[in-house]
4 protein chains.
Amino acid sequence: MKQETVEQIFRAAVEIFAESGFERAKMDDIAQRAQVAKGTIYYHFKGKEELFVALMNSGMEKFTDVVRRATEAHQDPADQLRGLLRAKVTYLYHHGTFAKLLLSEVWGSKERQQAFRARIRDLVELIEGVLRRGGDSRFTSSRDRLHETAVAIFGAISVTVLQEIFRAEDRELLEGDRIEVMLDTLEPLICGALRD
Amino acid sequence: MKQETVEQIFRAAVEIFAESGFERAKMDDIAQRAQVAKGTIYYHFKGKEELFVALMNSGMEKFTDVVRRATEAHQDPADQLRGLLRAKVTYLYHHGTFAKLLLSEVWGSKERQQAFRARIRDLVELIEGVLRRGGDSRFTSSRDRLHETAVAIFGAISVTVLQEIFRAEDRELLEGDRIEVMLDTLEPLICGALRD
Amino acid sequence: MKQETVEQIFRAAVEIFAESGFERAKMDDIAQRAQVAKGTIYYHFKGKEELFVALMNSGMEKFTDVVRRATEAHQDPADQLRGLLRAKVTYLYHHGTFAKLLLSEVWGSKERQQAFRARIRDLVELIEGVLRRGGDSRFTSSRDRLHETAVAIFGAISVTVLQEIFRAEDRELLEGDRIEVMLDTLEPLICGALRD
Amino acid sequence: MKQETVEQIFRAAVEIFAESGFERAKMDDIAQRAQVAKGTIYYHFKGKEELFVALMNSGMEKFTDVVRRATEAHQDPADQLRGLLRAKVTYLYHHGTFAKLLLSEVWGSKERQQAFRARIRDLVELIEGVLRRGGDSRFTSSRDRLHETAVAIFGAISVTVLQEIFRAEDRELLEGDRIEVMLDTLEPLICGALRD
DNA sequence: CATGAATGAGCGTTCATTCAT
DNA sequence: AATGAATGAACGCTCATTCAT
């Protein structure tokens, strides 16, 4: 049970999937980049779909963990929201390959969608929780609107970061302080959600 | 030239592309649903990619027009933003097939991305324009942040609506008043961007 | 609807299937021998299995027809049985490729078996009918034993001819009068079934 | 050397080969059913083909022994033939897995065929011997026809039993007295070969 | 304008076999 | 004697595209 091989495959797979998307990604390319034979992938994963789902589940788990920790590091709901925001933006910006897959593939096939719903719901509920603890805001009144607000915030952050990533790729540079610009942009929008 | 044939192909193509995504969509299926022979598609379009791009350009154009008109119907920037918001949410919710393609395929392959950049920039700039005319807000200070804010708003709206569409599909019903819920949710967030 | 192409594929397929058996037969080889592209086969047949079943159904139909006509050419049951015997032996010996498939593949996979049962039952019932009309023989007493007798006759003929075919292949010659030897051998055995 | 392991592999192999046929049988499945690692099979056998041939040789040997003993238990040729018949039918019916392989795989690939020829010839010659000792029958005149008659008898028995086995599987029951029905059916046919 | 039979490069997957432990 | 992770050649099937009619 060489954990190393699976790790190699995982690393190669994220890259290839992110570069080409699920459909265009070739198992041959993943094998080559992982420096294993094609059969080796199939020894560890049932198929392309399973590899992808395993990948995304693992990715979403790590991602959600980071964001959750950043949120729980604070007491004040406003600080929690800011912590969550910074963590999410930073993580996505630094894991561009993952960020691309998140937005482009999750909405793809019905089956894959189902697999991610639960994972994404975790994240959205994290946001929802912070909003709820925000207390006397007008959003507290309706559970539905709280959820919707969380979804909107999720969308605003994800799309903003992805846009930045493509911008960086076009200009072939990844400026660290773009993160601060994004935070400055998103904070007022999102923290409005806590205002009464 | 029979405009009718092209129209049939267009209609079939939106459906098929939206159901399966660009890669999984089969020209055979499009031809069958359009009730034309496969060769006929190739008589009118150079290939799959061109068909898709033509489709999305046409879709984005209509979409942007609707949103633009809704925006220009008002004078006050705050009203403009609200009009834009309502128009965008309503249009996307009622054109679910188009909404799915917008989020799932735009981030896909490099080439397709390029084709959409310009179209999406139009929309984002529409938002940007409203924000700029919002005047004395602190977002006016930086052109970059204005653009980023517009992108974030674009993301918040798109993801929220898409989420609602999937929710509706799961429950197999499309409630009209969900639009009002979304608007109630998004308005405070987005109009916060105009507040000083 | 070029009937010719399908005909070419059919001809090539019988040969390849008979040479290598169902599993070892390669679609590439069939395509090559049929002088069509591989895709062409899949344009006309859903897959390997369907091609094979179509092939065998068609083969069994022709075969059964020939045997049936030879049987019905006579009035006397004994003559009918002799006619049937001669027709079956002759046909199988001259269609060695088909004969091989008949014995080696029919017992193969459960699915394929099902597909052939009906066809083989037709043949066996043909034999059964002749035996029944044989009249006062002791086999008439039991329907079951009539059926079993027919099956045994079917087996005796098939295995004998197949054995001769392999013998001929080993010696690389196909002697016409081997058919007479087989007939002389099988007739006493089989016509015993009509004796009282 | 642990004889036990080889025995386990053997038992598993007969089952798997009979269930799926040589080509479709997977070494993985054999290993799993034998409860050994895949490598273990290759430690004891050179490969799939060798395992199969070893299996069938062993099976044919047991089978031929049983039939030979049943034949030699009698003095009168007619009794010998009846004993042989009963032994063969009973053995095959009770070893259905082996019976299936006998008919479906022997005619398969050229190589496997060669391996079985000798073994099957033994059986056929056993029958031939009895027929020859049958004495003054008209079949004695020609060595060739004696051999052919033996082959035909071999075929009649094998196909009849196999047919019964499939019938039993369809109805999911294995009636003991079906053996008597088969014997009653085959005896008149076959013993006709001894009649003058 | 329109057709649909034909194409073939390309890809996911399988599985007998090997070998270091 | 036994293991099981790793291999890679092989194969069935797909589908965008072409072209003669």
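These numbers were taken from a predicted model, which means no experiment stands behind them. Reminder, nothing fancy here: chain letters follow the sequence lines and each chain counts from 1.
- B/Ile16 has its CD1 atom 14 Å from the C1' atom of F/dC15, to the nearest Å.
- Atoms CD1 (C/Ile30) and P (E/dT7) sit 15 Å apart, rounded to a whole Å.
- For C/Val36, the side-chain atoms get nearest to E/dT7 when compared with the rest of F/dA6, E/dT7, F/dG12.
- Between C/Lys46 and D/Gln35, the residue anchored nearer the 5' end of DNA chain F, judged by the nucleotide with its closest heavy atom, is D/Gln35.
- The shortest heavy-atom contact between C/Glu105 and C/Phe52 is CB-CZ, 3.7 Å.
- In this structure, the CD1 atom of C/Ile41 is 15 Å from the P atom of E/dA9, given to the nearest Å.
- Of the nucleotides present, E/dG12 is the one that pairs with F/dC11 by Watson-Crick or G-U wobble criteria, both distances under 3.5 Å.
- For A/Asp28 and C/Ala37, each mapped to the nucleotide of DNA chain E holding its nearest heavy atom, the one lying further toward the 5' end belongs to C/Ala37.
- Picking from E/dG12, E/dG10, F/dA16 the nucleotide with the shortest atom distance to the side chain of C/Lys38 gives E/dG10.
- If you check every strand for non-hydrogen atoms under 4.0 Å, D/Lys26 touches sugar and phosphate atoms only.
- We find that NE2 of D/His44 is positioned 6 Å from C1' of F/dA1, with the value rounded to whole Å.
- The two atoms that bring D/Leu92 and D/Ser158 nearest to each other are CD1-CA, 4.3 Å, heavy atoms only.
- At the phosphate of F/dA6, OP1 or OP2 sits under 4.0 Å from a side-chain N or O atom of A/Thr5.
- Atom CZ in A/Phe45 sits roughly 15 Å away from atom P in E/dT14 (whole-Å rounding).
- Nearest-nucleotide positions on DNA chain E for A/Phe22 and C/Thr40 put C/Thr40 closer to the 5' end.
- B/Lys48 has its NZ atom 15 Å from the P atom of F/dT14, to the nearest Å.
- Other residues, nucleotides and ligands contribute at most 12 non-hydrogen atoms within 6.0 Å of the CD atom of D/Gln32.
- The existence of a salt bridge linking C/Arg33 and C/Glu19 is confirmed by a sub-4.0 Å separation between a basic side-chain nitrogen and an acidic carboxylate oxygen.
- Distance D/Glu23 CD to F/dA10 C1': 13 Å, rounded to the nearest Å.
- In this structure, A/Tyr42 does not reach the E/dT14 phosphate: none of its side-chain N or O atoms is under 4.0 Å from OP1 or OP2.
- Here E/dT7 presents its P atom at 14 Å from CE of C/Met27, a figure rounded to the nearest Å.
- As judged by a 4.0 angstrom heavy-atom cut-off over every strand, C/Ala25 is placed among residues touching the sugar-phosphate backbone only.
- F/dA20 is paired with E/dT3 under the criterion used here, namely a Watson-Crick or G-U wobble arrangement in which both key atom distances are under 3.5 Å.
- Across E/dA16, E/dA2, F/dT3, the shortest atom-to-atom separation from the side chain of D/Tyr43 is found for F/dT3.
- Under a 4.0 Å N-O distance rule, the pair B/Lys48/B/Glu23 does not qualify as a salt bridge.
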